[in-house]
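Here is the structure we will look at.
The chains referred to below are lettered A, B, ... by the order of the sequence lines, with proteins before strands, and numbering in each begins at 1. Since we're looking at a predicted model, the values are computed, not measured.
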Amino acid sequence: MSESLFSVETTFFADVILPVPIPRMFTYRVPRNFVDEIKIGARVIVQFGKNRVVTAVVGRIHQTPPEKYQAKYILELLDNEPLITQQQLWLFDWIADYYMCCVGEVMNVAVPSGLKVTSQSRIQINPDFDHAELLDEQEIGFLDILKNHASLTYDDAIKFVGETNINAMIKSLIGKHAIIMYEEVKEKYKPKIAKKVRLKRVYEGTEEVANLIDSLAKSAKQQMVVLEYLRQIPMHQLSERNQLGVDKALFTKGETSDSALNTLIERGVLEQFEVIVSRFSDDLPPEPVKIELTEAQQQASDEILTHFGEKDVVLLHGITGSGKTEIYIDLIQKVLEGGSQVLFLLPEIALTTQIVVRMKRVFGDKMGVYHSKFSDNERVEVWRGVLEGRYQFVVGVRSAVFLPMDNLGLVIIDEEHEGSYKQYDPAPRYHARDVGIMLGLKQGAKILLGSATPSLESYYQASTGKYGLVSLNQRYGNAQLPDIHLIDLKAERKSKTMKNDFSGTLCQHIEHNLENGEQTIIFQNRRGYSPYLNCQECNWIGECEQCAVSLTYHLDSKELRCHYCGHKEEIPRACPACGSGKIKTVGFGTEKLEDDLRIMYPTARVQRMDLDTTRTKNAYQTILGEFEQGNTDILVGTQMISKGLDFDRVSLVGIFDADRMIHFPDFRAAERAFQMLTQVSGRAGRREKKGLVLIQTNNTNQSLLHKVVSNDYMGYYNEEIKEREGYFYPPFTRVISITVKHEEQDKAEKAAHWLADKLLEKLGKARVLGPEKGMVERVRNKFLFDILLKLEKDKLNIKAAKIFLQEQIDAVMTQREFRGVFVVVDVDAV
DNA sequence: AGCACGCCGACT
DNA sequence: GTCGGCGTGCTC
């Protein structure tokens, strides 16, 4: 800020974004020594409240002193260059506005926590203190300890004193001015350090090395280390490459010994040094791959480019296995060559699969990967990499929309229909597809949405001509679409051919597959063993204490679990209500199917993949790896298995509980069911061989199922879009879901009614649904009431409606009688 | 969201 | 009489 040179007397203020859910910025004073360096988007450290020190981001710099209060000084400036670009700040505001939350909340999820500083209280002796007579025995003892340390953390102090509660003593000491407490602030991010060794410079010549080896003749181990070193760095390149050194770890295993290496270091033959390395090892050297598109792919690609000539967004509707990835890669290459950045979004689960490996091979270290299972440090490296221009291209999950890209040429959102692009908890409840589109539009980039089963929203936009539409109806290579059959469970029950929950038809095909060494996928979108336990005598059902839902029986972990709050309890041996031992499981989840399969086919290798078996970082890959290698015959899984995996030997897919998906009480049930069934079916028979899909149902007459069977997306779409239009649901309206919570049912209900009445008054009956009891009445001991707003996009000023809604929510919360009521707003709820 | 201040019950 | 329960209100 060079103006300061001309206006030495001017005081500058910075409005900063704090990581708190308060809907405004806070004004701090810029100390004179930062005036020249401070920039919008830089991080600063400020004191917030009495004893809190937090990282904030500068949102505005100005010269207007606040009228009503004295601004505090910024304590520290962390960046000389903005860490958050202008583009991002704009996006943060847009998200806060659109999704009705605070900018601070957006910042909180956007910025990796590794870029926030942590503060820790430290205790230090007051050097000016000379009133020892004021202290009691314990305090004198503590002060003695403190004399021997520059400072202590709270935890250290507890250890030294040997008591768990030292609050009182600390307070007393502060009161007597014997000690000082202060906040120590430090960056969380730690670069990864590699320990390396290299030959001292004097040995870099050929002759010198030869002499060195000779001189080590008596100590075989040391000689071996040097010879190993020379194997890594050939003699003739020694002088150029020696300075780069070799990983020290290389010598600690195998033939060479650590101690011999250390001796050589001590003797001054080798020297040890440290370098900062990337956490992303480039074990896959980029090989410039020329992507060969098939005729169909080439045509689709051309069409996409033509559409981009006049439209910003294009929807690529490509059936499963049509080879969308190649089209993406080709397009990405073109955009990168043009010097622009590319952002590629994928749902979480798809990111763990082959597609990333494939892209990494093509793009090498130009490509960054942003994943939620990455550690903080790893995320910081990707963030910095983007900022510094090392990554022109990022493949990532929904939160990758927050990366500091400001020169986007293309945003690709693959599997755009995926519900997991929507974040629910915590706020901001954003949809990464929509944020991605906004982000792209703002930067003048083109946006490509891809899916085999586009969301109604996107397809509607395409059908009205707002988005360009490109269809790929052919499977890649010789692959054929699978045959899909419905299995009539009613008929099978009548003819007594069911084995547990498996139809006889499905069993026959599984057996056939086992005999032929082909693989089977069993899909059941419900985890656990059974959704509840039921006493045969008194009809008792195991329920969660805190939520109004039954507890799911988990065989694996031998416990009952609540899928809403995570509560766990032991499995009762006898009925807790009547003492009867006749408790049975009702319904089935993935665990039961797995268990049944093991019993029915003892020699088959059965694996299960659901949330419970993929908790750890690599579990997902391990299970898939086993399956890919052919070490698994039958894979049982939830929707996790429906994404982006293609395996050659899967010739059969069995689908359970399709009916439950279709009849879920929610206006998106049909859409979700169609997408899920189609996606899962797509796992069958990828190359050469035609696959078979068997869908078990109690009602073979359901029109949606027939659309799945005949792979009739258009038929399904036309039917569903009529429904949506008739009942004023998206894409014809925007939906805002409002949940009112309170421990007391009565209070929650009254507050919900109060709010709904206000909304009704203003918006009219057709636009306000509810309040209704939550689908689950009580979660974590709070009663829930739902209100749904349906706001037309064309006839209504949605912005104004949102402002009105916020005002009314504030009004509810500030009312005495509704004290403690909590309201959650979810814009574009899915 | 934190965090301190503040006003009522069970303990040395 | 004190510790400490969590209700309420503020944070530049």
Send over the distance from A:Arg29 CZ to C:dC12 C1', rounded to a whole Å. 13 Å
What ring pair (Phe, Tyr, Trp, His ring centres under 6.0 Å) pairs are there with at least one residue in residues 30-89 of chain A, not counting sequence neighbours? A:Phe26-A:Phe48
Does A:Trp754 have A:Lys758 sitting over its ring (NZ/CZ under 6.0 Å from centre, angle to axis within 45°)? yes
Interatomic distance where CZ belongs to A:Arg816 and P belongs to C:dG9 [whole Å]: 6 Å
Touch check for A:Glu105, heavy atoms < 4.0 angstrom, all strands: base, sugar-phosphate only, or nothing? nothing
Only distances under 3.5 Å count here; give the side-chain donor-acceptor pairs of residues 426-435 of chain A to other protein atoms, sequence neighbours excluded, each with its distance to 0.1 Å.
residue  : atom : partner  : partner atom : Å
A:Arg429 : NE   : A:Tyr424 : O            : 2.9
A:Arg429 : NH2  : A:Asp425 : OD1          : 3.4
A:His431 : ND1  : A:Arg433 : N            : 3.1
A:Arg433 : NE   : A:Glu416 : O            : 3.3
A:Arg433 : NE   : A:Glu416 : OE1          : 3.1

Does B:dC5 have OP1 or OP2 under 4.0 Å away from a side-chain N or O of A:Lys50? yes
Scan A:Tyr28 against the nucleic acid and name what it touches under 4.0 Å (heavy atoms): base, sugar-phosphate only, or nothing. sugar-phosphate
NZ (A:Lys747) with more than 12 external heavy atoms under 6.0 Å: yes
Per A:Tyr69 side chain, nearest of listed nucleotides B:dC5, B:dG2, C:dC12: C:dC12
Which of residues 17-27 of chain A sit near DNA chain B, with a heavy atom under 4.0 Å from it? A:Pro21, A:Ile22
Which atom pair, heavy atoms only, marks the closest approach of A:Ala56 to A:Leu18? CB-CD2, 3.6 Å
